[in-house]
Amino acid sequence: PQRSEDARGPAGTRDPRRRARRQVIIVGASGDLTERKLVPALVSIARSCAEPFGVVGFARRPKTDEQFRAGLAEAIPAELRAAWTDLAPHVHYQQGDVENAEDLAALERRLDALADGEPAGRLFYLALKPDLFASAAERLRAAGLVTRLAAGTDAPFRRVVIEKPFGRDLSSARELLRRLHSVLDEHQLFRIDHYLGKETVQNILGLRFHNAIFEPLWNRHHVELVQITVAEDIGVEGGRAAYYDGAGAMRDMLQNHMLQILALVAMEPPSSLDPEAIRDEKVQALRGLRTLDSTDAAQHSVRARYARGRVGGVEVRGYLEEDGVSPGSQTETFVAVRTEIQSWRWGGVPILLRHGKRLAKRFTEVQVQFRTPPLQLFNRPEGMSDAELGRQLRNGTLCQIRPNILRIAIQPAERITLSFGVKRPGTAMVMTPAELTFDYQSHFGRATPPAYERLLLDAMNGDATLFLRAEEIEASWSFADALLDAWKAPEAPPVEDYEAGSWGPESADRLFQGCEGTWSRG
Ligand code: BG6
């Protein structure tokens, strides 16, 4: 997607006398997201953005501008300190409650004053509990802080950013979307899935549609299976249990981040890089997902939760022992599912998705595994009979034909690897595995920017490509809801236990039934 002019323009020094024409208002600014992610991202944007903007934190706790700035300054990473000094005078704090009309009127007066009465675009980031999103948007609208604007209008923008979870099932998501749409136009709503802000996730589109060699193979004729893993080594700590215990791995990761990655892997080529063209194709791919009924779920899904174990050499608690988890909780911290996308391109290709907390290591990866050649010509020792060759291939003494696998490592490694076989030097025709690798860090000599930086910049510029459209959220919930329902049936797979620091329950291996392959270990 195109960046707007100001993002590409030369790094401008911020003139402190020049008032902001754009304002980013963080509603609920006292949460840790503000200092951990949002403000560092805004500081980094300010560093390379010629057009100035202001930041206003809005929250209930009483604080002065100076106190707010001092709290933020502590969390600014060393490499952003200089840029923070430039932005800090444009960072303000307004005490108030989003539920209170007078507080919102005071916020509006403050925003107007900070813009010197000039018209300014306003981006409201709702850093609030998800069940407050709809009412907060309604209150902002009632207070006149946001208004419904037609797409393409010249009026200063009014946008609202929210971040998952968007509901806890299809019907609550629809209700949230309906209420947001009753306040604002779709083009004013920016729904974050932070995985789309990751450079390596965006590159899935580039890899597929800028290179002619992959696309002809990217279908059921050549692809044997697709697997996506999001493995985490962290557990559910730091006060997250209250949310997580009511959500679980399925709602927390698979329904959103993982299906977004899958949508990019599986979508048809868009006609352009226009946000709607891309999102149309993602929606189509998600709608093609085969939902699992209770019989499928018994066979093709696995759920489990971590038990006590060791991660990185450190003894850790089991999920049920974490603070805030209800006794007897049946919440899963691991989910693995086998499904497919019902389309001409993908029909019959197993799509395997796996996510777990407290696994052996942290990595996110997509593997596209190609079909093997129909005949094994190589690796036959001289004079070996067909029967002996067959036996040795079966028992693994001889190198079998290994499928070519394209691995797209999303994090923490950021690389793309294509595996293939090469002939080992010598007189025997023996093949050995080799790889072609592209690595972001070594190729570009720098780390990729954090997801929030890209997403906030795009929201400020009104580019919705990397944000979720309502239909994507609905299609993802349709898939997740069916599985969550199937898990309530008597034949549902039990919630198994796996040792923290392991690769999850062994039963997840059964999802490969009928195909070559194993779960990736990153
Ligand atoms: C969040 C989930 O959306 O994503 C967390 O709620 C999870 O449970 C996190 O840990 C993972 O994000 P990342 O970018 O660290 O992979």
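The analysis underlying the following values was restricted to heavy atoms, covering all of them including side chains, and did not include hydrogens, waters or symmetry mates. When a ligand or atom number is given, it counts from 1 through the structure's own listing order. Owing to the predicted nature of the structure, the values given are computational and were not obtained by experimental measurement.
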Quick test of your reading of the model: are R191 and E163 salt-bridged, counting only N-O distances below 4.0 Å? no

| query | Do H257 and H355 make the cut of ring centroids closer than 6.0 angstrom? | reply | no

So CG of D131 and CZ of R168: to nearest 0.5 Å the spacing works out to 11.5 Å

When distances are taken from atom 7 (C) of ligand 1, the protein heavy atom at minimum range is E232 OE2, 3.4 Å

Contact region, Y244 to ligand 1, non-hydrogen atoms below 4.0 Å, reads neither

For atom CZ of R60, decide whether the heavy atoms of other residues, nucleotides or ligands shown that lie under 6.0 angstrom number more than 12. no

Assess whether atom CZ of R61 is packed by more than 12 heavy atoms of other residues, nucleotides or ligands within 6.0 Å. no

Distance col, row R303:CZ vs T331:OG1, nearest 0.5 angstrom, shows 10.0 Å

Counting only heavy atoms not in E315 (residues, nucleotides, ligands), do more than 12 fall under 6.0 Å from its CD? yes

For H257, the atoms of ligand 1 under 4.0 Å from one of its heavy atoms are 1 (C), 3 (O), 4 (O)

Quick note on ligand 1: atoms under 4.0 Å from a heavy atom of K357 include exactly 5 (C), 7 (C), 8 (O), 10 (O)

Closest to atom 6 (O) of ligand 1 by heavy-atom distance, out of I192, D193, D252, is D252

Of all protein heavy atoms, the one nearest atom 16 (O) of ligand 1 is Y195 OH, 2.4 Å

Under 4.0 Å between heavy atoms, the region of I234 that gets near ligand 1 turns out to be side chain

Discussion item. Pairs of nitrogen or oxygen atoms closer than 3.5 Å, one from Y243 and one from ligand 1: do any exist?
Written reply: no

for atom 12 (O) of ligand 1, nearest protein heavy atom and its distance come out as H194 NE2, 3.2 Å

Ligand 1 atoms nearer than 4.0 angstrom to some heavy atom of K164 are 1 (C), 2 (C), 3 (O), 6 (O)

Looking at R362, M253, K198, Q411, the heavy atom closest to atom 14 (O) of ligand 1 belongs to K198

Q: Compute the ring centroids of F334 and Y498, then answer whether they are less than 6.0 Å apart.
A: yes

